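The structure presented is a predicted model; accordingly, all values stated were derived computationally and were not measured.
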Amino acid sequence: MIVIDRCTNIDLLMKWRMEVLHCVFSIPDDADTSELEMENRRYYEQNIAGEGHIACVAYEDGEAAGCGSICLYDEMPSPDNPSGRCAYLMNIYVREPFRGHGIGRSIVDWLVDRARERGITKIYLETTPGARRLYRETGFNDMEDMMIWKHLRKH
C-alpha cells in the first residue's frame, strides 16, 4: 500500500534532497557538498512552513520509498494563466528497489492535487528522458518555446 505524507521536517527533507542530488547529478559520495547543503537548508527554512513549498514522502508498506516537492509562486497574469499562480514540480524521486510500483505516479498526482486545491492550473517541471513517459501519462506536455539562461556573461 502506498501512502503519501506531507513533510515539514527540515532534517528529513535535507536527507532526501541530498540523496536526490547525489543520484540525479552523480555527485561522488566524498564530494564536499557543504555549501549546497547550507543553501538547501536555508531554502527549506524560508519556504517550508508557509505555502511556498510543499514536500512529501511516499511510503510503501511503511517503508520510505520516495519523495517529491512542488514550489508555488506567482508570475504575471496572462491569457493562458489569468490568476498568475504557478507551480514547479521538483525532486520527484523513488528509490531503486521501489521503482515500477506506481510510487512516482502517486507522488506526482498528490502534488498536482495540492496545487489544484490552491487554484493553480499551470505547472512546470524539468525531467530526465527516463521519466518523460510518467509525466506524459499524468497530463504533462512537452514545451517547444522555452529556453534557459545558464551562464552569466563575463564583462
Side-chain angles (χ1 to χ4, degrees), residues 1-75 81 85-144 146-148 150:
M1 175 183 200
I2 300 168
V3 175
I4 310 292
D5 285 334
R6 183 169 183 173
C7 183
T8 58
N9 179 316
I10 292 174
D11 290 333
L12 179 57
L13 291 171
M14 284 299 302
K15 287 178 185 174
W16 277 107
R17 177 68 175 154
M18 296 314 296
E19 182 176 335
V20 169
L21 291 175
H22 277 271
C23 179
V24 172
F25 291 95
S26 301
I27 298 173
D29 290 337
D30 61 349
D32 179 11
T33 58
S34 56
E35 184 176 345
L36 187 58
E37 289 180 46
M38 180 183 68
E39 290 301 325
N40 275 273
R41 182 171 293 279
R42 183 184 59 76
Y43 172 86
Y44 281 134
E45 288 169 350
Q46 291 176 350
N47 293 287
I48 203 69
E51 289 295 314
H53 187 94
I54 299 171
C56 66
V57 175
Y59 299 88
E60 184 176 53
D61 298 326
E63 194 171 345
C67 65
S69 299
I70 196 161
C71 178
L72 311 173
Y73 64 97
D74 294 317
E75 68 178 15
N81 188 18
R85 295 292 295 145
C86 292
Y88 186 79
L89 197 64
M90 59 198 336
N91 263 10
I92 308 304
Y93 174 75
V94 177
R95 288 178 171 154
E96 186 70 38
F98 299 96
R99 293 181 185 164
H101 300 188
I103 295 167
R105 175 183 291 275
S106 295
I107 293 169
V108 170
D109 289 344
W110 189 89
L111 290 166
V112 167
D113 286 348
R114 302 295 78 76
R116 292 182 67 202
E117 289 169 2
R118 289 156 178 80
I120 295 171
T121 58
K122 191 172 188 178
I123 304 173
Y124 297 97
L125 62 84
E126 291 177 58
T127 188
T128 60
R132 198 168 287 281
R133 182 174 147 215
L134 164 69
Y135 295 120
R136 284 190 182 125
E137 290 175 355
T138 55
F140 287 86
N141 297 300
D142 291 316
M143 296 178 64
E144 297 177 19
M146 295 286 289
M147 296 177 78
I148 187 169
K150 288 188 165 188

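Under the side-chain hydrogen bond (donor to acceptor under 3.5 Å, both in side chains) criterion, Tyr59 pairs with no residue at all, not counting sequence neighbours. The side-chain hydrogen bond (donor to acceptor under 3.5 Å, both in side chains) test applied to Asp32 returns Ser34, not counting sequence neighbours. Applying the side-chain hydrogen bond (donor to acceptor under 3.5 Å, both in side chains) test to Arg136 and every residue at least two apart in sequence or in another chain returns Asp142.
Taken to the nearest 0.5 Å, the CD atom of Glu37 stands 11.5 Å off from the NZ atom of Lys15. If you take CZ on Arg42 and CG on Asn47, they are separated by 8.5 Å, rounding to the nearest 0.5 Å. One finds the CG atom of Leu21 at 5.5 Å from the CG atom of Leu36 (value rounded to the nearest 0.5 Å). A distance of 5.5 Å separates CD1 of Ile148 from CD of Glu126, quoted to the nearest 0.5 Å.
The two residues Trp16 and Ala64 make their nearest non-hydrogen contact at CZ2-CB, 3.8 Å. Residues Glu75 and Cys86 approach most closely at CD-SG, 3.2 Å, considering heavy atoms.
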Taking only distance into account, with no hydrogens and no angle test, what donor-acceptor pairs under 3.5 Å do side-chain atoms of residues 49-58 form with protein atoms, sequence neighbours excluded?
{"unit_1": "Glu51", "atom_1": "OE1", "unit_2": "Arg118", "atom_2": "NE", "d": "2.5"}
{"unit_1": "Glu51", "atom_1": "OE1", "unit_2": "Arg118", "atom_2": "NH2", "d": "2.8"}
{"unit_1": "His53", "atom_1": "ND1", "unit_2": "Tyr43", "atom_2": "OH", "d": "2.7"}
{"unit_1": "His53", "atom_1": "NE2", "unit_2": "Ser69", "atom_2": "OG", "d": "3.2"}

Donor-acceptor contacts under 3.5 Å from residues 1-10 side chains, at least two apart:
{"unit_1": "Asn9", "atom_1": "OD1", "unit_2": "Asp11", "atom_2": "N", "d": "3.0"}
{"unit_1": "Asn9", "atom_1": "OD1", "unit_2": "Leu12", "atom_2": "N", "d": "2.8"}

Distance-only check: which donor-acceptor pairs under 3.5 Å involve side-chain atoms of residues 98-106, not counting sequence neighbours?
{"unit_1": "Arg99", "atom_1": "NE", "unit_2": "Val94", "atom_2": "O", "d": "2.6"}
{"unit_1": "Arg99", "atom_1": "NH1", "unit_2": "Glu96", "atom_2": "OE1", "d": "2.7"}
{"unit_1": "Arg99", "atom_1": "NH2", "unit_2": "Val94", "atom_2": "O", "d": "2.9"}
{"unit_1": "His101", "atom_1": "ND1", "unit_2": "Glu60", "atom_2": "OE1", "d": "2.8"}
{"unit_1": "His101", "atom_1": "ND1", "unit_2": "Glu60", "atom_2": "OE2", "d": "3.1"}
{"unit_1": "Arg105", "atom_1": "NH2", "unit_2": "Glu137", "atom_2": "OE1", "d": "2.7"}
{"unit_1": "Ser106", "atom_1": "OG", "unit_2": "Gly102", "atom_2": "O", "d": "3.0"}

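No side-chain heavy atom of Leu134 sits less than 4.5 Å from a side-chain heavy atom of Phe140. Contact of the Ile70 side chain with the Ile120 side chain is not registered, since no non-hydrogen atoms from C-beta on lie closer than 4.5 Å. In this structure, Met90 and Leu125 have side chains that are not in contact, with every pair of non-hydrogen atoms separated by 4.5 Å or more. Side-chain contact check for Ile92 versus Tyr135: some heavy-atom pair is nearer than 4.5 Å.
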Assess the residue pair Ile27 and Thr33 against the criterion (side-chain contact (heavy atoms from CB on, under 4.5 Å)); give the C-alpha distance rounded to whole Å, side-chain angles, the decisive distance to 0.1 Å, and a yes or no.
CA-CA 9 Å; Ile27 298 173; Thr33 58; 3.9 Å; yes
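Salt bridge annotation for Glu117-Arg114: present, with a cationic side-chain nitrogen under 4.0 angstrom from a carboxylate oxygen.
A parallel orientation is assigned to the rings of Tyr73 and Tyr124, their planes being inclined by less than 30° (bins at 30° and 60°).
Between the side chain of Asn40 and the backbone N or O of Tyr44 there is no donor-acceptor pair closer than 3.5 Å.
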